[in-house]
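Residue numbers start from 1 in every chain, and the chains themselves are labelled A, B, ... in the order their sequence lines are given, proteins ahead of strands.
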Number of protein chains: 2
Amino acid sequence: MKLTSKGRYAVMALVDLARFNTINPVSLRDISLRQGISLDYLEQIFSKLRKKEIVQSVRGTQGGYILNKKAKEIKLINIFEAVDEKVKTVKCKKESKKGCNGKAIKCLTHNLWDELENHINNFFDKKSLDDLVKDNSERRV
Amino acid sequence: MKLTSKGRYAVMALVDLARFNTINPVSLRDISLRQGISLDYLEQIFSKLRKKEIVQSVRGTQGGYILNKKAKEIKLINIFEAVDEKVKTVKCKKESKKGCNGKAIKCLTHNLWDELENHINNFFDKKSLDDLVKDNSERRV
DNA sequence: TATAAACCCGACTAAAATAGTCAAGTATCT
DNA sequence: AGATACTTGACTATTTTAGTCGGGTTTATA
Ligand code: FES
Ligand code: FES
């Protein structure tokens, strides 16, 4: 069970953005340099974030991205959903009545994994971007 | 973030084992058939479980595996550790003072992922094999 | 004592997912 | 006009996962 770079980068980049986006948009180039993330990869990630209205883009020179909502209103779960970093613990299709092995009944561990999924998502539901910025407010890179 | 088959199968197989292992050892063949897991793959998994003393093997005809401890004393975390299904959320080496990008300081999200890791491991720490068997005690496959 | 059931072990491989790269744009500021 | 920066889609290398395969050894039982 591991977190992928895509999810990690998305959050990292947004925390960076939230810290610096006081007046002007922040360019991906800056984020790329500060956080050590490939610019091309960041572009893919921000394209998704924009489509899900987490950020807004400003084109042209001096352009970049700005948050589309208050940092307090952006939860980790929103970010993860936007970049398709879903938590997936069950093997079967949840809606289906069939189990993961094709049998007519859910497997012995189905409920367990479902609980686990909720447990993890609860965590992402509680944490907002604002919390993360505050956690880092005393530190400087 | 997803659970791998190895971890899922390990738990599934052990729940099956715990349910049927009243007197006699349970063969992997039986588990394979009941749970729809490849026999060869199960062998790999049980080899690890045996090395970590979660189960004991009985060789020869009518052989199989038995639990090496009480079901109540086997926590999910023990199973996951045994089969190397670790929860890995941080990118950096935890012991090191360096961050994930090679910088001298931990990244903006390090603490968050560390918290997440603890949050997930807490779940695995609480659940025992016995809990799972009980959850399924009314169902029959 | 032969046979079959079952564990034991290591190497190999196909498929999938991840983590990018690359190329060719378009918009906007100065 | 030129530079900066977003936009898009396709492509690729690497890694991980989820097995398979081929050879064992042990032991109950007919
Ligand atoms: S995970 Fe849902 S039935 Fe097995
Ligand atoms: S995850 Fe530990 S420093 Fe980034």
N/O donor-acceptor pair, side chain B:Thr61 with base D:dT29, under 3.5 angstrom: no
Under-3.5 Å donor-acceptor pair between B:Arg59 side chain and D:dT25 base: yes
Parallel, tilted or perpendicular: rings of A:His119 and B:His119 (30°, 60°): parallel
Determine whether more than 12 heavy atoms belonging to other residues, nucleotides or ligands lie under 6.0 Å from atom [atom1] of [X].
X	atom1	answer
A:Lys88	NZ	yes
A:Glu73	CD	yes
A:Glu115	CD	yes

side-chain contact (heavy atoms from CB on, under 4.5 Å) evaluation trace for A:Ile79 with A:Leu129: CA-CA 9 Å; A:Ile79 302 173; A:Leu129 204 49; 4.3 Å; yes
Which nucleotide in C:dT18, D:dT20, C:dC7 has an atom nearest any side-chain atom of B:Lys2: C:dT18
Reckon [X] has a side-chain N or O less than 4.0 Å from the OP1 or OP2 of [N]?
X	N	answer
B:Tyr9	D:dG19	yes
A:Tyr41	C:dT18	no
A:Ser57	D:dT7	yes
A:Ser38	C:dT21	yes
A:Ser27	D:dT4	no

DNA chain C: 5'-proximal contact among A:Glu43 and A:Leu3 (nearest heavy atom): A:Leu3
5′-ward residue of the pair B:Asp40/A:Leu39 relative to DNA chain C: B:Asp40
Report the distance from atom [atom1] of [X] to atom [atom2] of [N], rounded to the nearest whole Å.
X	N	atom1	atom2	answer
A:Gln56	D:dT7	CD	P	11 Å
B:Met1	C:dA19	CE	P	12 Å
A:Leu42	C:dC22	CG	P	16 Å
A:Arg8	C:dT18	CZ	P	13 Å
A:Asp30	D:dT4	CG	P	12 Å
B:Gln62	D:dA30	CD	C1'	12 Å
B:Asn24	D:dA28	CG	P	13 Å
B:Leu28	C:dC8	CG	C1'	11 Å

Audit row: A:Leu28, A:Ile37, side-chain contact (heavy atoms from CB on, under 4.5 Å) steps and yes/no: CA-CA 9 Å; A:Leu28 292 189; A:Ile37 304 171; over 6 Å; no
With B:Asp114 via salt bridge (Lys or Arg N to Asp or Glu O under 4.0 Å) - residues at least two apart: B:Lys94
Side chain proximity check, A:Cys107 to B:Arg8, heavy atoms < 4.5 angstrom: no
Non-hydrogen side-chain atoms of A:Leu76 and A:Leu132 separated by less than 4.5 Å: yes
Contacting residues from residues 74-93 of chain A, given that a heavy atom lies under 4.0 angstrom of DNA chain C: none
Residue-level proximity of residues 44-54 of chain A to DNA chain C when a heavy atom falls under 4.0 Å: A:Gln44
Residues B:Lys48 and B:Asp84 bridged, charged N to O under 4.0 Å: yes
